[in-house]
> 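Shown below is the structure under consideration.
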Amino acid sequence: MADKLSTQLFGTFFLFFVLQLSVIKSVELESVQNLEQAQKGDTMNGVNQIKKYLKTYGYYHHDTKHTLDDQFDDPLESALKTYQEYLGIDVTGRIDSDTIQAMLTPRCGVPDGLVSNYSFPGAPYKWRTRNLAWSIRNSVTGFTEATLSPIFAEAWKSWADVSPFSFREVKNNVRHEIDIGFFPNNHGDGNPFGRAFAHAYYPTDGRVHFNENWNWTSNPTKEKSKVDVQSIAVHEFGHALGLDHSSEKAAVMYAFFNPGIMKRDLTDDDKKGIKALYPS
Ligand SMILES: [Zn+2]
Ligand SMILES: [Zn+2]
């Protein structure tokens with residue numbers, strides 16, 4: 001009897017769950033389709049989400065007249081154009097399917113600087129010292145601080161090989177410039193991750209924050225649904241040294257990234273960037 005009841009209960013919950021999913025899915029699809037029709041001057045449900053996304057990543061700059069509401073305004077059109085240009089997709093100034101697709105692609109949480117190729121956020125975001133100490137604050141599911149340590153060391157080595165820097169790991173209670181850790185979505189710095197993999201602060205802040213809600217791996221070739229720690233580390237360490245995003249898709253400093261891939265080696269664009277920032 002108890003078994004039958006629990007089976008029934010489970011069945012009910014399962015059905016409820018499936019219904020919930022299909023409801024959520026259809027609402028999402030509907031609003032996306034609507035947004036593709038949206039033109040300047042229109043007010044449409046969901047436009048505020050697009051504005052919020054573009055503001056978070058440094059594209060939407062609203063004045064007092066325009067806000068993060070559902071109106072398709074001038075600043076939104078120009079933000080969409082800049083975003084599309086950065087991505088190398090058709091510059092339509094509309095919320096078209098390519099644009100929506102791009103917005104659904106996981107990425108780094110640091111806003112884009114909008115300069116072609118390698119770029120810097122602006123002076124004086126540079127380290128004076130060439131000897132930086134880094135430290136691991138905590139670990140994440142699937143890792144220990146001991147297994148993370150050689151991965152981060154490799155990531156630092158990528159930059160050390162092409163710059164005047166030397167990096168060394170220290171214990172967390174020893175004075176260090178770079179502090180690396182894994183955090184929940186809201187973690188007290190005013191920059192919740194959302195779907196971002198990670199973010200890092202420019203010099204001389206030194207904080208590198210990974211999103212603990214992603215599944216992390218050291219072997220993305222085998223674990224296709226997980227995110228390669230080392231690839232993201234090389235990218236975020238680039239920010240911690242003062243580099244902004246590159247518009248070159250192949251570059252480590254490109255903002256977008258997907259689970260299951262590896263991008264651990266610096267490209268010429270990345271190397272030119274760090275060399276221009278730190279010639280010696
Ligand atoms: Zn980034
Ligand atoms: Zn953070």
Side-chain angles (χ1 to χ4, degrees), residues 52-59 82-83 86-88 102-122 125-127 134-140 148 152 155-156 158-159 163 172 176-214 216 227-259 261-267 269-274 276-277:
K52 215 175 141 195
Y53 178 97
L54 291 168
K55 183 176 159 57
T56 301
Y57 294 114
Y59 294 89
T82 320
Y83 182 68
Y86 173 70
L87 288 163
M103 288 177 173
L104 295 174
T105 306
R107 55 162 292 151
C108 168
V110 175
D112 301 327
L114 310 177
V115 186
S116 60
N117 299 87
Y118 66 80
S119 56
F120 322 120
Y125 299 121
K126 278 177 73 169
W127 294 98
W134 56 276
S135 187
I136 305 175
R137 169 174 290 267
N138 60 8
S139 64
V140 71
L148 284 170
F152 289 148
W156 284 119
S158 302
W159 292 111
S163 72
N172 212 252
H176 52 278
E177 285 80 23
I178 313 263
D179 195 81
I180 309 163
F182 291 81
F183 298 87
N185 184 39
N186 281 298
H187 50 285
D189 62 3
N191 292 309
F193 289 117
R195 298 188 68 225
F197 294 117
H199 56 227
Y201 291 83
Y202 294 118
T204 52
D205 184 293
R207 283 173 293 167
V208 179
H209 294 169
F210 286 80
N211 184 346
E212 67 175 24
N213 293 318
W214 281 96
W216 297 95
V227 187
D228 184 36
V229 182
Q230 191 176 326
S231 299
I232 299 296
V234 181
H235 177 103
E236 298 305 331
F237 294 172
H239 287 313
L241 292 174
L243 283 178
D244 204 336
H245 285 140
S246 170
S247 59
E248 280 219 5
K249 281 199 168 69
V252 159
M253 292 315 294
Y254 189 63
F256 296 86
F257 191 82
N258 276 297
I261 66 163
M262 234 194 303
K263 206 181 195 183
R264 300 174 177 179
D265 298 324
L266 299 180
T267 64
D269 185 64
D270 300 307
K271 292 176 193 173
K272 274 184 210 152
I274 197 72
L277 190 56

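In listed order, ligands and their atoms are each counted from 1. Here the structure is a predicted model, which means the values were calculated and not measured.
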> Please list, chain by chain and in numerical order, all residues satisfying ring pair (Phe, Tyr, Trp, His ring centres under 6.0 Å) with F257, sequence neighbours excluded.
F197
> Using 4.0 Å as the upper bound for N to carboxylate O, is an ion pair formed by R137 and D179?
yes
> In H209, which N, O or S atom comes closest to the Zn ion (ligand 2)?
ND1
> Under 30°, 30 to 60°, or over 60°: which ring-plane class applies to Y53 and Y83, parallel, tilted or perpendicular?
perpendicular
> If we only count heavy atoms from C-beta on, is the C108 to M253 side-chain gap below 4.5 Å?
no
> Measure from the Zn ion (ligand 2) to every N/O/S atom of H187 and report the name of the nearest one.
NE2
> Taking the six-membered ring for Trp, are Y254 and F256 parallel (under 30°), tilted (30 to 60°) or perpendicular (over 60°)?
tilted
> Look at the aromatic rings of F152 and W134 and report parallel, tilted or perpendicular, splitting at 30° and 60°.
perpendicular
> Leaving waters out, which protein N, O or S atoms fall under 2.8 Å from the Zn ion (ligand 1)?
C108 SG, H235 NE2, H239 NE2, H245 NE2
> Could you tell me which N, O or S atom of D189 is nearest to the Zn ion (ligand 2)?
OD2
> Do F210 and H199 come close enough that some side-chain heavy atom pair is under 4.5 Å?
no
